[in-house]
Enquirer: 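The structure under discussion is supplied below as C-alpha cells; questions concerning it will follow.
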Amino acid sequence: MTLDLGGYALYSVMGICVVFVALILIMAMIKILVAVTEKKAAPAAEAAPAAATSAPEPVLAPGTAGDLCLYDTDPRDAAMVMAIVADELKKPLNELRFISIKEVK
C-alpha cells in the first residue's frame, strides 16, 4: 500500500489533533483539581484569621526557623556547625532552630 503526499499530510494533521486534544484534557483535569482543592482549603483559611487576633507571626519560608545572628563567625563555618549538630542529633536541619552562633576565641 502506498500513500501519496496527501495521505501523509492527513496523518500528520490527525496526529497533531490527537496531541492537542490530549493536552486540552490534561489542562481541564488540572483546572478541576485546583478548583476542588481551593474549595477545601478556603474554610481553613477563613478560620485562621479569626483565631489570630494577637500579634501576627512573621512570614517565613517553608522549612525555615527564623533569623540567625552570627557573631565573629563566617557563614560557611556556621553552616558547617549547623550541619554537624543536625547529624549528631539525627534530626533534619529544618526541624532545628539556631538563634545565634558565636565563635569562642
Enquirer: Mind checking the CE-CG spacing from Met82 to Asp87? Nearest 0.5 Å is all I need.
Expert: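 Spacing of CE (Met82) from CG (Asp87) equals 14.0 Å.
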Enquirer: Under 3.5 Å, side-chain donor or acceptor atoms of residues 68-75 against the rest of the protein: list the pairs with distances, not counting sequence neighbours.
Expert:
from  : atom 1 : to     : atom 2 : distance (Å)
Thr73 : OG1    : Tyr71  : O      : 2.9
Thr73 : OG1    : Glu103 : N      : 3.3

Enquirer: Is Met80 isolated, or which residues cluster with it under the ILVMFWY side-chain rule of less than 4.5 Å, directly or via members?
Expert: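 Besides Met80, the hydrophobic cluster comprises Ile84, listed by chain and residue number.
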Enquirer: Between NZ of Lys90 and CD of Glu88, what distance do you get to the nearest 0.5 Å?
Expert: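 If we round to the nearest 0.5 Å, Lys90:NZ and Glu88:CD are 6.0 Å apart.
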Enquirer: Cluster partners of Val21, using ILVMFWY side-chain heavy atoms under 4.5 angstrom, listed by chain and number?
Expert: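 Members besides Val21, by chain and number: Leu25.
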